[in-house]
Chemist: 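Take a look at the following structure, please.
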2 protein chains.
Amino acid sequence: MSNRRDAVHDILRHSDGFRSAQDIYAEMRSDGAKIGLTTVYRALQALADNGKVDVLRTDDGEAVYRACASGDHHHHLVCRRCGRTVEVAGPAVERWAETIGRENGFSDITHTVEVFGTCSSCVAALRAG
Amino acid sequence: MSNRRDAVHDILRHSDGFRSAQDIYAEMRSDGAKIGLTTVYRALQALADNGKVDVLRTDDGEAVYRACASGDHHHHLVCRRCGRTVEVAGPAVERWAETIGRENGFSDITHTVEVFGTCSSCVAALRAG
DNA sequence: GGACAAAATGAAAACCGTTGTCAAAATCGG
DNA sequence: CCGATTTTGACAACGGTTTTCATTTTGTCC
Ligand SMILES: [Zn+2]
Ligand SMILES: [Zn+2]
Ligand SMILES: [Zn+2]
Ligand SMILES: [Zn+2]
């Protein structure tokens, strides 16, 4: 039914790192797709609401999206240069967050965890410079 | 020298949780201070650049600031209802982030970690209805 | 104290990602 | 088909932040 939503989802599935709405919109337009920016935003919102994509905020406040392979709770190791992203599990972190919350009398504990670095290919590229 | 910067810093020092620029501006104005919003933004930027305050982004992309007691690397346990914030250390998380990065061939590893929950007083307030 | 240069200030405009509006277009149901 | 419902997208509006730039304050040297 919702062909547009699927189109947006497909773009994300074929991307490695996190992508912004405007980014996705630009790619779709340059691919000849007839779609409006509003619709891209709406599709991303719906996908995020249904847990189909992960969302996070860049340092400058922009929302970026990714269709992750894992549907389970996980975190991300992101190359700050090329955006390459690896999904990682962190049972120790999950336990730590829960414990630290409890110890301080907090309930309904959630957390956000992201790891950044420079991936090996980017290091190589920099060396070749 | 920079009287305004200190004034902004003071507001943060007397606040418990994270505060937004507009929030701080409103408080200063209602306290009779003669200051512009631009200056508040500039002061916060400078304080953040000098590592005097911690910054993070809310879910809706707003930047919020806090003058933390600890100058060392630490994370935050934040009440999502009243904003009360506890500074927490997580040596296990530091190690985990470093390891997971290394294992995937990443270097210059950094991370962001925040824990959210409902603090005990908020739970009590909710119960009292 | 002046005089002048450099830095700080703030009102208003510009910026930019995002959301709301609403009429047109596509889709559905009968 | 035909009316009802949903989806779409151009455009305007919004809100937080940054830029601009003329004015004010501060620092320095005499
Ligand atoms: Zn993910
Ligand atoms: Zn987790
Ligand atoms: Zn802190
Ligand atoms: Zn840490």
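FYI, side chains are in, hydrogens and waters are out, and symmetry mates aren't considered; it's all heavy atoms of this structure. Here is the naming used below: chain letters follow the sequence lines, and residue numbers restart at 1 for every chain.
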Chemist: Can you list every salt bridge (charged side-chain N to carboxylate O under 4.0 Å, His left out) pair that touches residues 79-88 of chain A, not counting sequence neighbours?
Modeler: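 The answer is A:Arg66-A:Glu87.
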Chemist: Rounded to the nearest Å, what distance is computed from the NZ atom of residue B:Lys34 to the P atom of nucleotide D:dT23?
Modeler: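 Going from NZ in B:Lys34 over to P in D:dT23 covers 15 Å.
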Chemist: Please write out which residues are connected to A:Ile24 in a hydrophobic cluster, directly or through intermediates, given that two of Ile, Leu, Val, Met, Phe, Trp, Tyr count as joined at side-chain heavy-atom separations below 4.5 angstrom.
Modeler: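 Result for A:Ile24 is A:Val8, A:Ile11, A:Leu12, A:Tyr25, A:Met28, A:Ile35, A:Leu37, A:Val40, A:Tyr41, A:Leu44, A:Leu47, A:Val53, A:Val55, A:Tyr65.
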Chemist: Atom CE of B:Met28 to atom C1' of C:dG10: distance rounded to whole Å?
Modeler: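 Whole-Å distance recorded here is 13 Å.
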Chemist: What pairs with A:Arg13 under side chain to side chain donor-acceptor pair (under 3.5 Å), at least two apart in sequence or on another chain?
Modeler: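 Checked A:Arg13 against side chain to side chain donor-acceptor pair (under 3.5 Å); matches are A:His9, A:Asp10.
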Chemist: Does the protein touch nucleotides 11-21 of chain D at the base, only the backbone, or not at all? Give it as B, S and - per nucleotide, heavy atoms under 4.0 Å.
Modeler: B----SBBB--
Chemist: Quick one: list whatever passes salt bridge (charged side-chain N to carboxylate O under 4.0 Å, His left out) with A:Glu98, sequence neighbours left out.
Modeler: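 A:Glu98 satisfies salt bridge (charged side-chain N to carboxylate O under 4.0 Å, His left out) with A:Arg102 only.
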Chemist: Look at the rings of A:His111 and A:His73 and say which category their plane angle falls in: under 30° parallel, 30 to 60° tilted, over 60° perpendicular.
Modeler: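 Taking A:His73 first and then A:His111, their aromatic rings stand perpendicular (interplane angle over 60°).
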Chemist: Using a side-chain heavy atom cutoff under 4.5 Å and only I, L, V, M, F, W and Y, what cluster partners does A:Val115 have?
Modeler: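 Listed partners: A:Leu77, A:Val86, A:Val88, A:Val93, A:Trp96, A:Ile100, A:Phe106, A:Ile109, A:Val113, B:Leu77, B:Val86, B:Val88, B:Val93, B:Trp96, B:Ile100, B:Phe106, B:Ile109, B:Val113, B:Val115.
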Chemist: Between protein and nucleotides 4-6 of chain D, what N or O pairs are separated by less than 3.5 Å?
Modeler:
none

Chemist: Once you build an axis from the first five pairs and another from the last five of the helix from C:dG1-D:dC30 to C:dG30-D:dC1, how far apart in angle are they, to 10 degrees?
Modeler: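 Its terminal axes enclose an angle near 30°.
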Chemist: Tell me, please, which residues at least two apart from B:Ser15 pass side chain to side chain donor-acceptor pair (under 3.5 Å).
Modeler: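 Here the qualifying residues are B:Arg19.
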Chemist: Using the side chain to side chain donor-acceptor pair (under 3.5 Å) criterion, which residues pair with B:Thr112? Sequence neighbours excluded.
Modeler: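 In terms of side chain to side chain donor-acceptor pair (under 3.5 Å), with neighbours along the sequence ignored, B:Thr112 is linked to no residue.
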Chemist: Send over the distance from B:Asn3 CG to C:dA7 C1', rounded to a whole Å.
Modeler: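 The answer, rounded to whole Å, is 15 Å.
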Chemist: Can you tell me the distance, in whole Å, between the CG atom of A:Leu44 and the C1' atom of D:dT7?
Modeler: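 So the CG-C1' distance, A:Leu44 to D:dT7, works out to 16 Å.
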Chemist: Could you state the atom-to-atom distance from CG of A:Asp49 to C1' of C:dT19 in whole Å?
Modeler: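 In whole Å, C:dT19 C1' and A:Asp49 CG are 14 Å from each other.
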Chemist: Using whole Å, report how far CZ of B:Arg29 lies from P of C:dG10.
Modeler: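 Taking CZ of B:Arg29 and P of C:dG10, I get 8 Å after rounding.
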Chemist: Between P on C:dG17 and CD1 on A:Ile24, what's the gap in Å once rounded to a whole number?
Modeler: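 Whole-Å distance recorded here is 14 Å.
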Chemist: Give a yes/no on whether any side-chain N or O of B:Thr39 is located under 4.0 angstrom from OP1 or OP2 of C:dT9.
Modeler: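 Checking C:dT9 against B:Thr39, no side-chain N or O comes under 4.0 Å of OP1 or OP2.
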Chemist: What is the distance from CD1 of A:Ile35 to P of D:dT7, rounded to the nearest Å?
Modeler: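 One finds 14 Å between P of D:dT7 and CD1 of A:Ile35, rounded.
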Chemist: How would you list, by chain and number, every residue that makes a side chain to side chain donor-acceptor pair (under 3.5 Å) with A:His14, sequence neighbours excluded?
Modeler: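 Scan of A:His14 (side chain to side chain donor-acceptor pair (under 3.5 Å), adjacent residues dropped) gives none.
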Chemist: Which pairs pass side-chain hydrogen bond (donor to acceptor under 3.5 Å, both in side chains) with one or both residues in residues 47-61 of chain B, sequence neighbours excluded?
Modeler: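 Every side-chain hydrogen bond (donor to acceptor under 3.5 Å, both in side chains) pair that includes a residue of residues 47-61 of chain B, provided the two are not neighbours, is B:Asp54-B:His74, B:Asp54-B:His76, B:Thr58-B:Asp60.
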Chemist: Please tell me if the side chains of A:Cys82 and A:Cys119 come closer than 4.5 Å, counting only heavy atoms from C-beta onward.
Modeler: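 Of all side-chain heavy-atom pairs linking A:Cys119 with A:Cys82, at least one is under 4.5 Å.
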